[in-house]
Every structure is written in C-alpha cells, then in structure tokens.
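Below: the structure, in structure tokens.
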Amino acid sequence: MKGETVTVMRRIQTGLDEGNNPVYETKSEPVGNVLVGAPNGENPGDSNRPDGIRIDANLYFPRDYKGDALRGQAIVVRAMNTRWSVTRSPWMAA
C-alpha cells in the first residue's frame, strides 16, 4: 500500500516577548506514506467522550516515523484539503 503526504503543523515556542509571555511559531513537517482512512465507528453516542471529541478520520503513520508526539498538533491532508487536530497518538490509550 502507498499512502499520501500529509503536513504536520507544529506550534513551537520561539522565545518570549517584552512582557515575558511565550511567542510561538508554526512549523510545517511533511510526512510521506500516511494512510488516510474513514472513521471506524469510534464516535459513541453517550456523554463519556473526552472533551466531546468526534473522530473524522484515522491516519496511519509509517512505522519508521521519527517525529515528536502528534497529540495536540494539527495535520493537513492535501488531497482532501482538510485540516484536523490530533486527539490521540497511536501509542496512547484511548
């Protein structure tokens, strides 16, 4: 199987402003061979969903992906012209 290239948008702290508040910058990280799949019924109808999260797609990153944790990052899938927020990483418990 061959996946598509997606872009992970990372929010990186680059310094502090004159009021000693953090300053952030967004950096793009393209990742190739990511499989994009339809959700698999992980949207329960009860109120036990953390933060009211809804699953719109499952993204399967290649095993050799060496980037930082994905949770909390935004991912852009070019073919679908869609931007998603990552709610959990594959190595994290649901």
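No hydrogens, no waters, no symmetry mates; every other heavy atom, side chains included, goes into these values.
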Is any side-chain heavy atom of Tyr60 closer than 4.5 Å to one of Val36?
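The answer is no; the side chains never approach within 4.5 Å.
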pair Val23-Leu16: side-chain heavy atoms closer than 4.5 Å
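They are not in contact (no side-chain heavy atoms under 4.5 Å apart), so the answer is no.
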For the [atom1] atom of [X] and the [atom2] atom of [Y], what is their distance to the nearest 0.5 Å?
X: Gln13; Y: Tyr24; atom1: CD; atom2: OH; answer: 4.5 Å
X: Glu25; Y: Thr14; atom1: CD; atom2: OG1; answer: 5.5 Å
X: Leu35; Y: Leu59; atom1: CG; atom2: CG; answer: 9.0 Å

Could you note down all residue pairs passing side-chain hydrogen bond (donor to acceptor under 3.5 Å, both in side chains) where residues 27-38 supplies at least one of them, sequence neighbours left out?
Arg10-Glu29, Glu29-Tyr65
Apply side chain to side chain contact (heavy atoms under 4.5 Å, CB included) to Glu18 and list each qualifying residue two or more places apart in sequence or on a separate chain.
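Scan of Glu18 (side chain to side chain contact (heavy atoms under 4.5 Å, CB included), adjacent residues dropped) gives none.
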Holding to side chain to side chain contact (heavy atoms under 4.5 Å, CB included), I want the full list of residues that pass it with Asp64, two or more places apart in sequence or in another chain.
Pro62
